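Comments concern the structure below.
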Amino acid sequence: MTSFTRSCVAAAVVIALGVVGVVSLPSMAAAEEASPVTSVRSFRGMNEGRTQLFAESSSVAVDEGTDWGGAETLDVPQTKSQAEKDAEAAQQRAEEEARRQAEQQAAAAASSTVSRSQVRTGTDSGLASYTNIDYSIAPAGFNPNHEIGDVGNRYAANNCTWWAYERRHQLGLPVGSFFGNGAQWAASAAAMGYWVDNTPRMIGDIMVFQGGQAGSSWGYGHVAIVEEIYPDGSVRVSEMGSGFPGYFSSTRVFSDTANYQYIHF
C-alpha cells in the first residue's frame, strides 16, 4: 500500500471513531439524568417512614386492670356522682350510729338491778326456787319445772323477738327458741307449760301484742319486756323493732295492761 493510501485510511479511522464518540456521549448523559427519577431506593425510604408514622399514631395503651364492661353485652360500668357517694356515706354513718346506740341501751338495760334469783338450768325453768311468787294464783296444774324449749336465740337480730329472748336471758328467766312471731308467743308458751295470763306480775314478764295493738305490725304482732310495774298497775317496757330510733326503746308506758297477755315463767 502506498504512503498516501495509508494516510487516507488512518484519517478515515480517526474520523469514524470521532463520530461514534460524539454519538455515544449524549446517550450516556441521558441515562445519568434519568437515573434519579427511576430510583426505587429513594422512594422506599420515604414509604417506610410513612408506614412507621401511621403505626405509631394508631397505637393505643390499655390498662389491663381497667374494667370496660362486656363489649358484647354493652355492660358498661356505672359511675356514681359525688352527691350519690355523699348520700351513701351519710346513710352508712347513720346506721353505724343506730347500732352503737342500740348496743349502749342494751348494755344499760342489762346492768339494771333485778331483785330475783338467777337460778336456771338447761333442762327446766328452775323456777320452783322462786319464793316471792304466790303459786296459789297460778293456773291449775302449773309445773314450774316445765320444759322451756331453749336451744339458743333463733330470732332475727334487731327484731322484738330477738330482744325478748336476750333480755329474758339477762334476767335469768326461761324463754323458748321457737315461739314464732310476736303475736304467737303467748299461745306457744302456754302450750309448752309456761304460766300465761293477762296480769303483769314481775319484772321480766313478756308482754304480748296482737296484730295492730299499740302500733304493732298487723301481720306479726309484737313482744316487749316489762321493766317496771308502778303502784297504779301501769308498766314500762323495753323493746326492739324497726319503728324505734336505733331499733330500741325503753320509755313506753302502758296503763291498759289488762288488754295484753303476759308470759311469766
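What you are looking at is a predicted structure, and each value in this text was computed from that prediction instead of being measured.
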Between T161 and N159: side-chain donor-acceptor atoms closer than 3.5 Å: no
Heavy-atom side-chain proximity of P200 to M207 below 4.5 angstrom: no
R167 side chain reached by E227 side chain, heavy atoms, under 4.5 Å: yes
Expected output: side-chain N198 to main-chain Y260 donor-acceptor under 3.5 Å: yes
Short side-chain to backbone donor-acceptor contact, S188 and F179, under 3.5 Å: yes
Candidate list Y165, Y194, F209, Y155, test ring-ring contact (aromatic ring centres under 6.0 Å, His included), partner W185, passing option: Y155
Pairwise side-chain contact, Q210 with V208, heavy-atom cut-off 4.5 Å (strictly under): yes
Main-chain N/O of W163 paired with R168 side-chain donor or acceptor, under 3.5 Å: no
Contact check, side chains of I206 and H264, non-hydrogen atoms, under 4.5 Å: no
Nearest-0.5 Å distance that lies between atom OG in S242 and atom CG in N158: 9.5 Å
Closest non-hydrogen atom pair, S216 against G211: OG-C, 3.9 Å
same_hphob_cluster(I137, F265) at 4.5 Å side-chain heavy-atom cutoff: yes
Check: S234 side chain, Y230 main-chain N or O, donor-acceptor pair, under 3.5 Å: no
Connected via hydrophobic side-chain network under 4.5 Å: V223 and M192: yes
Approximate separation, where rounding is to 0.5 Å, of D205 CG and L171 CG: 10.0 Å
Non-hydrogen side-chain atoms of V196 and Y262 separated by less than 4.5 Å: no
Minimum side-chain heavy-atom gap E239-I225 below 4.5 Å: no
Any donor-acceptor N or O pair under 3.5 Å, side chains N153, E166: yes
Check: R154 and S177 side chains under 4.5 Å, non-hydrogen atoms: yes
Beyond-backbone contact of T257 with T199, side-chain heavy atoms, under 4.5 angstrom: no
K85 backbone acceptor or donor facing E88 side chain under 3.5 Å: no
Any donor-acceptor N/O pair, S217 side chain to H222 backbone, under 3.5 Å: no
Crowding at OH, Y220 (>12 non-hydrogen neighbours, <6.0 Å): no
side-chain contact (heavy atoms from CB on, under 4.5 Å) assessment of N259 paired with Q213: CA-CA 9 Å; N259 294 329; Q213 275 189 300; 4.1 Å; yes
